[in-house]
Amino acid sequence: MKRISIMGATGSIGTQAIDVLKDNRDQFKLVSLSAGRNMDKLREILKTVEPEMVSVMDDGDRKALASEFPAITFVSGESGLDAIAADDSDMLLTAVMGSVGLAPTLKAIENGKDIALANKETLVAAGGLVMNAAKKNNVNIIPVDSEHSAIFQCLRGERHSEIKQLIITASGGSFRDLSRAELDNVTLADALNHPNWAMGRKITIDSATMMNKGLEVIEAKWLFDLETDQITTLLHKESTIHSMVEFVDNSIIAQLGNSDMKLPIQFAFSHPDRLPMDNPLDINALSQLNFKPMDFERFKMLELAYEALKIGGTMPAVMNAANEYAVDRFLKGEISFLDIEKIVELRMEEHEVIGEPDLETILHYDKLFKSNMR
Ligand SMILES: NC(=O)c1ccc[n+]([C@@H]2O[C@H](COP(=O)([O-])OP(=O)(O)OC[C@H]3O[C@@H](n4cnc5c(N)ncnc54)[C@H](OP(=O)(O)O)[C@@H]3O)[C@@H](O)[C@H]2O)c1
């Protein structure tokens, strides 16, 4: 029985992961989980599963829950996330939103846990540190992002030296059919209306700006150890092909599936095995699959992410922090959609890069660029 912990259990990925565990109680045991501030969702979850330990952000919430659920140990704050990272599970699913996942993920790796990685901001901010720590501690990092899970599945049994390129598909997000000029007047509600996927608010906005694809390009570089020019992106509005790998003999292998995160979550948990699932893709109902080259002028945020990756050092962490800050302000209704891009570009222009930063330096810049966030 594999013992699993979940960081970010009340979120979109976290709740789907709980469903996967409930569907496979004979395979997996939930050891601990963390929530942020959504106590209604947490209470709902705790009525259906029995973790040994639960971490919440606020100590007041911890006290209230401890008297309601006496069989569970409750912890709180940053030390609460550290306690989850140090529990005796075999695998930690990192599904918190943003770079808050970085430090506890590194702690879990140092504790020898395999990582099911949904939290892409961790690798964007500190890919080198995380992958080196994983190597040193003999820890597997199994991607949960559907694109990276697809690539991971396409690469099973293949040789790294025979990869020509990764082709990461992009739905185009909520505004894929709008011109740049039309983006001037879009609203928050429009931006949150993703055509294919139901996800958390931050990643839905990142999909609309195409920063999500930029974060995924950086994540792919670290996960699959390739040169930047070996990672390409392609518009594919159906999101049926989750990504592809082209090999040196021009053969292209793709992974297809429904827009359902339970598949990559379950695959990360069960790897190297596969387990049966509901909701198969009806291949007979697929009338057509559309592809369009990526337009970097239209989707400027993707270009900024490639630039940050090429510059390296602290730049991806700064880009990520500026993006988290700007998206948070957009979600609060304080800035316009196109202001997100302006803020990220300006912060990148102003930043004096430090090469090969340590964790302290990365966390310093992360905090600095997000200091106005709640
Ligand atoms: N959703 C998807 O389909 C999808 C697909 C691929 C990758 N991802 C990646 O997976 C991660 C999670 O995405 P999501 O859509 O599931 O996000 P989400 O729905 O916003 O959930 C985020 C989770 O993180 C918790 N959290 C937020 N801030 C926290 C903090 N400061 N300390 C502790 N916990 C905190 C939230 O707690 P509360 O809600 O209780 O406050 C919630 O449990 C992101 O990195 C995203 O890019 C998501």
Side-chain angles (χ1 to χ4, degrees), residues 5-20 33-46 54-59 61-62 65 75-85 92-105 115-125 142-150 168-171 173 192 194 196-209 211-216 218-220 223 239 242-243 257-265 267-268 320 323-324 327-328 331 366-367 370 373-374:
S5 296
I6 301 178
M7 234 166 43
T10 42
S12 162
I13 291 287
T15 48
Q16 293 178 83
I18 300 269
D19 287 342
V20 168
L33 60 84
S34 86
R37 297 192 187 280
N38 188 345
M39 293 304 110
D40 290 342
K41 179 58 78 181
L42 178 59
R43 284 188 171 89
E44 210 180 286
I45 291 170
L46 294 181
V54 170
S55 171
V56 291
M57 272 173 85
D58 186 79
D59 202 52
D61 289 332
R62 177 190 69 76
L65 287 159
V75 288
S76 66
E78 268 180 38
S79 62
L81 290 181
D82 287 351
I84 303 276
L92 173 69
L93 168 66
T94 62
V96 287
M97 188 282 286
S99 55
V100 66
L102 171 56
T105 302
I115 304 294
L117 186 89
N119 176 245
K120 59 192 88 184
E121 293 90 347
T122 286
L123 279 190
V124 172
I142 316 287
V144 168
D145 228 334
S146 60
E147 293 78 359
H148 304 77
S149 175
I168 300 180
T169 53
S171 70
L192 286 172
H194 195 287
N196 303 2
W197 296 91
M199 307 182 286
R201 284 156 65 87
K202 193 257 181 185
I203 185 175
T204 304
I205 303 304
D206 284 346
S207 298
T209 63
M211 175 52 91
N212 185 48
K213 219 38 59 181
L215 300 178
E216 286 175 9
I218 301 175
E219 185 185 5
L223 281 172
S239 297
H242 292 146
S243 278
N258 286 321
S259 301
D260 181 354
M261 288 306 295
K262 282 190 193 163
L263 169 56
I265 293 167
F267 182 73
N320 180 64
N323 183 58
E324 282 190 39
V327 172
D328 184 63
L331 286 170
D366 185 66
K367 200 167 165 198
K370 293 197 298 200
M373 275 174 71
R374 61 173 176 266

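What you are looking at is a predicted structure, and each value in this text was computed from that prediction instead of being measured. Remember, it's 1-based here, ligands and their atoms both numbered in the order they're listed.
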Go through L215 and D206 one step at a time and tell me if the side chain to side chain contact (heavy atoms under 4.5 Å, CB included) criterion holds. CA-CA 9 Å; L215 300 178; D206 284 346; 3.8 Å; yes

Could I get the full list of side-chain hydrogen bond (donor to acceptor under 3.5 Å, both in side chains) partners for N38, not counting sequence neighbours? none

Check: N258 and L263 side chains under 4.5 Å, non-hydrogen atoms: no

Residue set satisfying salt bridge (Lys or Arg N to Asp or Glu O under 4.0 Å) with D82, at least two apart, ordered chain then number -> K107

I'd like to check the salt bridge (Lys or Arg N to Asp or Glu O under 4.0 Å) partners of R37; sequence neighbours left out, ordered by chain and number. none

Verify the distance criterion only: is there a donor paired with an acceptor across the side chains of N196 and S171 at less than 3.5 Å? no

List, for ligand 1, each N/O atom that has a protein N/O partner under 3.5 Å away, with both atom names and the distance.
| unit_1 | atom_1 | unit_2 | atom_2 | d |
| --- | --- | --- | --- | --- |
| ligand 1 | 1 (N) | S12 | OG | 3.2 |
| ligand 1 | 10 (O) | A118 | O | 3.4 |
| ligand 1 | 15 (O) | G200 | N | 2.9 |
| ligand 1 | 16 (O) | S12 | N | 3.1 |
| ligand 1 | 16 (O) | I13 | N | 2.9 |
| ligand 1 | 19 (O) | S12 | N | 2.9 |
| ligand 1 | 24 (O) | M97 | N | 3.3 |
| ligand 1 | 37 (O) | T10 | OG1 | 3.3 |
| ligand 1 | 37 (O) | G36 | N | 3.0 |
| ligand 1 | 40 (O) | T10 | OG1 | 2.7 |
| ligand 1 | 40 (O) | G36 | N | 2.9 |
| ligand 1 | 40 (O) | R37 | N | 3.1 |
| ligand 1 | 40 (O) | N38 | N | 2.9 |
| ligand 1 | 41 (O) | R37 | N | 2.8 |
| ligand 1 | 43 (O) | G8 | O | 3.3 |
| ligand 1 | 43 (O) | T10 | N | 3.4 |
| ligand 1 | 43 (O) | T10 | OG1 | 2.7 |
| ligand 1 | 43 (O) | G11 | N | 3.1 |
| ligand 1 | 45 (O) | N119 | ND2 | 3.4 |
| ligand 1 | 45 (O) | E121 | OE1 | 2.6 |

